Amino acid sequence: MADILKIGKYEFTSRLIVGSGKYPDFKTTYDATIASGAQMITVAVRRVNITDPNKENLMDYFKDSDVQLLPNSAGCTTAEEAITLFRMVREATGIDIIKLEIIGDTEKTLYPDVIETIKACEVLAKDGFTVMAYTNDDPITAKKLENAGAAAVMPLAAPIGSGLGIQNRYNVVFVKEAVNVPVIVDAGVGCASDAAIAMELGADGVLTNTAIAQAKNPILMAEAMKHAVQAGRMSYLAGRIPKKPYATASSPSEGMIQF
Ligand SMILES: CC(=O)[C@@H](O)[C@H](O)COP(=O)(O)O
């Protein structure tokens with residue numbers, strides 16, 4: 001049976017979402033995205049052109065693929081800015097699935113402003129958007145976002161672009177326990193094993209950008225991420241063995257050759 005990731009009315013067979021920033025050009029962005037098998041690529045629509053047909057447009061690269069563009073509100077620091085931005089983007093492109101990202105600290109951590117995020121989520125969800133909300137790794141905020149209409153919550157593993165990997169594994173599990181919508185671990189993934197761990201913890205998906213775009217070989221890392229997310233998901237579904245402090249022998253002691 002197919003293992004489908006359902007986000008609002010949208011369905012995906014890949015549980016990996018990629019970003020589009022930090023690549024040298026759109027061609028490399030496209031090649032890495034295809035290599036990753038991702039069916040969603042998020043785009044900072046305040047910075048990257050997807051609306052003006054007269055300039056080089058990222059949408060042109062993906063128009064013959066089944067990759068869904070996921071506009072994000074990077075660069076927005078208030079609910080009002082994000083709401084205005086997404087309404088403009090939907091008007092221009094028809095895209096209604098969005099990654100809501102409202103930054104509270106633009107200097108050091110790029111941590112989200114969760115109060116503004118909840119406010120914007122409520123308005124945008126009522127307005128018919130499928131809202132995927134970037135947030136901190138806090139189960140209370142995740143629940144509030146779900147109540148505000150989020151179709152998915154996206155707790156950070158670590159600061160955006162840090163590559164630190166999952167800083168608090170328990171919080172990923174707590175967020176997963178707190179909500180009934182998909183949990184996509186977003187930001188701070190540094191390598192393929194980080195993605196696999198997120199999936200083994202029970203995340204429904206992973207979003208990663210910097211780890212692929214800034215790898216020495218982005219295409220190879222994209223493929224590694226694809227396999228890591230698949231392996232992590234399989235491992236989670238298969239069920240890990242309980243951890244025990246002492247050894248248990250791998251073969252029975254009965255019938256052993258006696259000396
Ligand atoms: C591209 C995007 O949406 C980022 O804001 C996201 O959080 C990815 O973070 P990394 O670059 O650390 O993967």
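Indexing begins at 1, ligand by ligand and atom by atom, following the structure's order. Here the structure is a predicted model, which means the values were calculated and not measured.
Every atom of ligand 1 with a heavy atom of D186 under 4.0 Å away is listed here by number and element: 6 (C), 7 (O), 8 (C). Heavy-atom contacts of T42 reach the following atoms of ligand 1: 1 (C), 3 (O) (cutoff under 4.0 Å). Numbered from 1 in the order shown, with element, the atoms of ligand 1 that lie under 4.0 Å from a heavy atom of K99 read 2 (C), 3 (O), 4 (C), 5 (O), 6 (C), 7 (O). Counting atoms of ligand 1 from 1 in the listed order, those under 4.0 Å from a heavy atom of E101 are 3 (O), 5 (O). Atoms of ligand 1 found under 4.0 Å from any heavy atom of T210, numbered from 1 in the order shown, are 10 (P), 11 (O), 12 (O), 13 (O). Proximity to L207 (heavy-atom distance under 4.0 Å) selects the following atoms of ligand 1: 6 (C), 8 (C). The distance from ligand 1 to the heavy atoms of T208 drops below 4.0 Å at these ligand atoms: 13 (O).
Two residues are said to be in side-chain contact when any heavy atoms from C-beta on lie closer than 4.5 Å; N168 and F174 fail this criterion.
In terms of polar-atom proximity, I160 is not counted as a contact of ligand 1, lacking any N or O under 3.5 Å from an N or O of the ligand.
Not close to ligand 1: M154, with no non-hydrogen atom less than 4.0 angstrom away. Residue contact check for ligand 1: G161 places a non-hydrogen atom closer than 4.0 Å to it. Ligand 1 is approached by G188 to a heavy-atom distance shorter than 4.0 Å.
Linking Ile, Leu, Val, Met, Phe, Trp and Tyr whenever their side-chain heavy atoms come within less than 4.5 Å puts V189 and L207 in one cluster.
Looking only at distances, a side-chain donor or acceptor of E146 sits under 3.5 Å from a matching main-chain atom of N180. The main-chain N or O of I41 is never found under 3.5 Å from a side-chain atom of Q68 such that the two would form a donor-acceptor pair.
The two atoms that bring T130 and A151 nearest to each other are CG2-CB, 3.6 Å, heavy atoms only.
By the 6.0 Å and 45° rule, K27 does not stack over the aromatic ring of Y61.
Using a cut-off of 4.0 Å between Lys/Arg side-chain N and Asp/Glu carboxylate O, K143 and D138 are scored as not salt-bridged. Electrostatic pairing of R46 and E81 counts as a salt bridge here, judged by a charged N lying under 4.0 Å from a carboxylate O.
Protein heavy atom in closest approach to atom 13 (O) of ligand 1: N209 N, 2.9 Å. Atom 9 (O) of ligand 1 has A187 CA, 3.3 Å as its closest protein atom, hydrogens excluded (heavy atom only).
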Item to check | Test side chain to side chain donor-acceptor pair (under 3.5 Å) applied to E223 and S36, step by step | outcome: CA-CA 5 Å; E223 267 185 69; S36 77; over 6 Å; no
